[in-house]
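For reference, the structure discussed in these notes is given below.
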Amino acid sequence: MKTLTAFTALCLATVAAPATAQLQPEELTQETLAEVMQPHWVWVNDVSFDRMLDGRAYLLDADSGQMLGMISGGYGHGSLLLAEDGKTFGVPSIHLSRGVRGERTDVVTFYKTADLKAGTEAIIPPKRFSGMPFISSAPVMPGGRFAVLYNFTPEQSVTVVDMQAQKTVGEFVTSGCGLVFPTGPSKFFLICGDGALQPATLDAEGKVTLGKTSKKLFADDDPVTEKGVWTGKQWLFFTPSGKVHVIDHAKDVPSLAKTWSLITAADAGWRPGALQTASYHRATGRLYVLMHEGGPNTHKDPGTEIWVYDAAKQARIQRISLDGMALSVAVSQDAKPLLYTAMPGETDFKVRDAMTGELIRKIEGLGGFMTVIQPSPVTGQ
Amino acid sequence: MKTLTAFTALCLATVAAPATAQLQPEELTQETLAEVMQPHWVWVNDVSFDRMLDGRAYLLDADSGQMLGMISGGYGHGSLLLAEDGKTFGVPSIHLSRGVRGERTDVVTFYKTADLKAGTEAIIPPKRFSGMPFISSAPVMPGGRFAVLYNFTPEQSVTVVDMQAQKTVGEFVTSGCGLVFPTGPSKFFLICGDGALQPATLDAEGKVTLGKTSKKLFADDDPVTEKGVWTGKQWLFFTPSGKVHVIDHAKDVPSLAKTWSLITAADAGWRPGALQTASYHRATGRLYVLMHEGGPNTHKDPGTEIWVYDAAKQARIQRISLDGMALSVAVSQDAKPLLYTAMPGETDFKVRDAMTGELIRKIEGLGGFMTVIQPSPVTGQ
Amino acid sequence: MTNRLDRIMERLSRTAARGMSRRSFFGRASAFGITAASMPLLPVSRANAAQQPGESGDPQSCDYWRYCAIDGFLCSCCGGSTSSCPPGTEPSPITWVGTCRNPVDNKDYVISYNDCCGKSACGRCMCNRNEGDTPVHQPAGSNDINWCLGTEVGVVYNCSTAVVLGAAD
Amino acid sequence: MTNRLDRIMERLSRTAARGMSRRSFFGRASAFGITAASMPLLPVSRANAAQQPGESGDPQSCDYWRYCAIDGFLCSCCGGSTSSCPPGTEPSPITWVGTCRNPVDNKDYVISYNDCCGKSACGRCMCNRNEGDTPVHQPAGSNDINWCLGTEVGVVYNCSTAVVLGAAD
């Protein structure tokens, strides 16, 4: 957090200095950051929808309200591959040799948090999913050894990247199922178009073996969205009508552990929606969900409130009014959690107390199409 | 103008069709345009200052108010190399292999007006001037055989491109002088930092020979801006205080033909400014200049009025209030000329009758950092 | 929603023989239900298309009936039209489909939202409507996918069309 | 204006021996008066810089005194400061200079607006002030040039600093 140190020094100097002394020549330096991503640091994607060649992610310090730095992504920049230790991350990027055309090269570029400099690059197959940013299109597996990237050409497959060796392991077909939902260091599942789940395992080198596809778990007329939430133990999936499907992934074939509803009779007319629909605070079991009033086909409408649930009790315990709208929500995982929201078309990133819902600050002047929010993987404990 | 034809057909169908008839499956096609750029077509640059990897230019039909198409440029997209016959153009572009970093490749890509498809590409030295778009950093020579591109690394040189062969001729040093002001098919001059002009000639293959530098022509405390205007016969240069320096380029060494002022005693407080300061209508001799009220150091402030001069008589003949601001102005060269203005921060491109100054239409929803306006090189005569 | 998609798929399987750029992008896709999205560019002549009956509304407005499941910049504002790509851009051969009700005859039509590709985002007439939009793991109906993936020119998205494939029933 | 630039050039020629990244970018440039812009990154230690006297104002505001001739995004809003580049960006070794009056001591200082490069535009705190700004054919004082041209990483501009080189007199 040298940035802040420098600012502090400058302020002290302002107060202490004799007004008549002359300024001395200064040295121009490059900022560096702490080696480890701090609990209240957060990355936010700006896909720059009307200028998708120039997408980026901003690294913000939610405590000070300062921007700490940024990375430039490739075409249609999505989410970052954040290492669990908060020291490094990877950036999957699509590049064309002449900007909008020419030879396509897909890479994962590795960075250190400490200097945000482009380091090692792993070339990956030029097939990565391009579209709205979803974390489930490129997650890091628990433990952090591998990242699994979803490909759609429209043939479906995944590319496995070894995060420690910073190398590409290979491409593996997943026919008929897409997105990637990790359930352990070497286990994940995909969602199939027909409402089933497809489990898969990684071997020690990261090679993928598909397991037995589950039976159909989700209704055709109320399918789960892409925007599942990992509690650290289970995946929760949401449906347009407000159902929560909890997945049991313990056995070889995934099944439904239980299904509950975000909405009671008294809440008729409200639905979950948005792009990053929900976020879960592991230490307290609080589930934050973006809700809006609307009918069918409003499943991607931004939220006007955040409803907070005790996920274990499947009961709402709080409503947070947003004084506006949000398309993304995320909560930090530390003991004094912050609640983050962003909204395309607005350039403010909003920081709230995740326990009280109180607005702490707006970080202003950021990009116009902020989507996925990625809080620090470091909890400070 | 097939686009318009298609729209017309659709409208006719709407009126004529029986409401109960079923829609038939349609064919998805690609639009094409007239072979020759029409007199009221105009290109406008959007440098996308906060997303400079994704700059572009829009082709607009000022008569219909329709967008006809666009091209994507490279990093910090500047102006187009428009052929005089309106049939082809070149796009100088800077590309890096990894978007914001990696190997730099500079190219000129050639397009036909009829299809706006990227065609032949000429590789040029990776030295092209990067900065605010100025037409004088990459003009086409009268007659259209060659284009001369200004390089700044900060060594200064020019790259000559053969527009007919669609090939790079070579790079030629110009030490101490910059930008390119063509005065004939094979003659141009540059402006030197000390207020002199540097003439140069092209041979039949496009090779550049520098001539004898002029004496100092411009005052140090009121230097000419980059934003000179070619009348078809002479270059006019403007100074922050409102002087117009007319260059005599007929002899081997350029000199001042005359100097006059945009501003009379009654206009005290007004100055020329903006990015594309002025435009000249050749058939009528009318000179359009963006003017604003301001003191020293406002030489880049946007204009709030356009003052129209009879350039031969050196007298103002009209004032056009802009109902807002403009950073760029250009006039079409046909017999019923249109006056175009654009302003960064606004997304409307404004079209006026160039004789009356009356606002005809706004073309809305364009990019947020429009700069250089390039009217059709075709006059319709 | 899925019943409607089933109908679309059925319809498209009937018309598959008319396919144009279709086969080269089929590959494994047909194995997992993306057939509906891999619809052909139907070889109906331009002249016929221009005589389409039963149209009303402004194709440059997001309210226009065909846009009920669109997400992107309207090609009608970008140098194209509801059924043509702007000059120099390449139509995606595969894409998502929606079913929209035509206010003139009150019937449902299958609309194919082919993306136009190879120049960057047009930026005009952004329009997002999600009638029947499906998650990306049901790609045939998903407007969150960049469908430029199927083009020769590559992945860069310019704008979206809204082509009538036919009646939905 | 030029008198002031002359003074700047004179001053810089006196301090040229202290140059750091300077020589490699000199080349032919010294022949035509860009010497002033090719100023060194003066090797004053960070600790000293932090004890600078005579400062007032908010470095995240365009009104801040050092920004009198700047054109771009303020590095102070982008993870850097008036004299440091944001993490992962590379300072341009050469750039334009301006002369700004410090409201604390009412003296003029030469300010070097080094660009930070290698990531795309920060986009925050856009600031354009043109005191003494010169045309691009007088590059040493021109803020319309992308000064990332002199870096290893390449031409892509992120933000601008405002480094005190010393007193202008």
Side-chain angles (χ1 to χ4, degrees), chain B residues 48-54 75-76 94 96-104 106 126-134 136-137 150 152-157 173-179 190-195 219-227 240 273 275 296-301 345, chain D residues 1-6 25-34 36-38 68-69 71-73 88-90 94-95 98 117-124 126 128-158:
Chain B
S48 302
F49 188 66
D50 62 355
R51 298 292 184 282
M52 277 205 287
L53 287 172
D54 205 339
Y75 181 74
I94 296 170
L96 300 184
S97 59
R98 294 296 181 264
V100 296
R101 59 201 160 74
E103 190 186 359
R104 173 172 170 177
D106 286 24
K127 300 180 172 182
R128 200 165 60 88
F129 171 78
S130 176
M132 284 295 283
F134 299 113
S136 53
S137 77
Y150 173 51
F152 183 78
T153 70
E155 292 185 42
Q156 290 165 303
S157 64
V173 297
T174 65
S175 50
C177 309
L179 301 174
L190 308 96
I191 308 187
C192 310
D194 61 2
D220 285 339
D221 59 357
D222 195 27
V224 294
T225 71
E226 309 88 334
K227 299 131 188 175
L275 174 69
N297 299 314
T298 65
H299 53 291
K300 294 199 290 204
D301 282 13
Chain D
M1 177 155 51
T2 301
N3 280 345
R4 203 188 56 234
L5 282 177
D6 286 347
F25 296 97
F26 240 49
R28 295 176 50 83
S30 58
F32 55 88
I34 201 174
S38 313
C68 76
D71 185 5
F73 306 106
T89 62
E90 180 186 342
I94 53 168
T95 190
C117 312
K119 297 173 189 282
S120 193
C122 157
R124 298 188 87 202
M126 171 66 205
N128 182 18
R129 292 168 58 188
N130 296 309
E131 292 182 30
D133 164 75
T134 58
V136 300
H137 49 270
Q138 296 179 349
S142 172
N143 67 21
D144 278 342
I145 296 171
N146 173 1
W147 286 98
C148 287
L149 52 92
T151 60
E152 291 291 314
V153 71
V155 74
V156 174
Y157 167 79
N158 182 244

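Side-chain atoms are counted along with the backbone in the values below, which use heavy atoms only and exclude waters and symmetry mates. Here is how names work: the chains are called A, B, and so on, in the same order as the sequence lines, proteins then strands, and each is numbered from 1. In this text, all values refer to a predicted model and were calculated from it rather than measured experimentally.
- Both the backbone and the side chain of D:Tyr157 come within less than 4.5 Å of a heavy atom in chain B.
- B:Tyr75 and D:Asn146 make their closest contact through CE2-ND2, 3.5 Å (heavy atoms, listed as atom of the first residue, atom of the second, distance).
- When every heavy atom of B:Asp50 is checked against every heavy atom of D:Ala121, the shortest pair comes out as O-CB, 3.5 Å.
- Remark: D:Asp144 CG to B:Glu226 CD distance equals 6.0 Å, nearest 0.5 Å.
- Highest contact tally toward chain D, considering only B:Ser130, B:Gly99, B:Ser48, is held by B:Ser130 [criterion: heavy-atom pairs under 4.5 Å].
- The NZ atom of B:Lys127 sits 12.5 Å away from atom CG of D:Leu149, with the distance rounded to the nearest 0.5 Å.
- Interface remark: of the candidates B:Arg101, B:Met52, B:His299, B:His299 forms the most heavy-atom pairs closer than 4.5 Å to chain D.
- Annotation: maximal heavy-atom pairing with chain B below 4.5 Å, among D:Gly154, D:Gly123, D:Cys122, D:Gly118, occurs at D:Gly118.
- If you measure heavy-atom distances from B:Ile191 to chain D, the contacts under 4.5 Å come from both the backbone and the side chain.
- Only the backbone of B:Thr225 comes within contact range of chain D, with heavy atoms under 4.5 Å apart.
- D:Pro139 and B:Phe152 get closest at one heavy-atom pair: CB-CZ, 3.6 Å.
- Considering every non-hydrogen atom in both D:Gly132 and B:Asn297, the closest pair reads N-OD1, 2.8 Å.
- In terms of heavy-atom pairs under 4.5 angstrom with chain B, the leader among D:Ser142, D:Cys148, D:Cys117, D:Ser120 is D:Ser120.
- The side-chain heavy atoms of D:His137 and B:Val224, taken from C-beta on, include a pair separated by under 4.5 Å.
- Contacts of B:Phe49 with chain D are made by both backbone and side-chain atoms, with heavy-atom separations under 4.5 Å.
- Only the side chain of B:Ile94 comes within less than 4.5 Å of a heavy atom in chain D; its backbone stays farther off.
- Under 3.5 Å, the side chains of B:Lys300 and D:Asn128 contain no donor-acceptor pair of N or O atoms.
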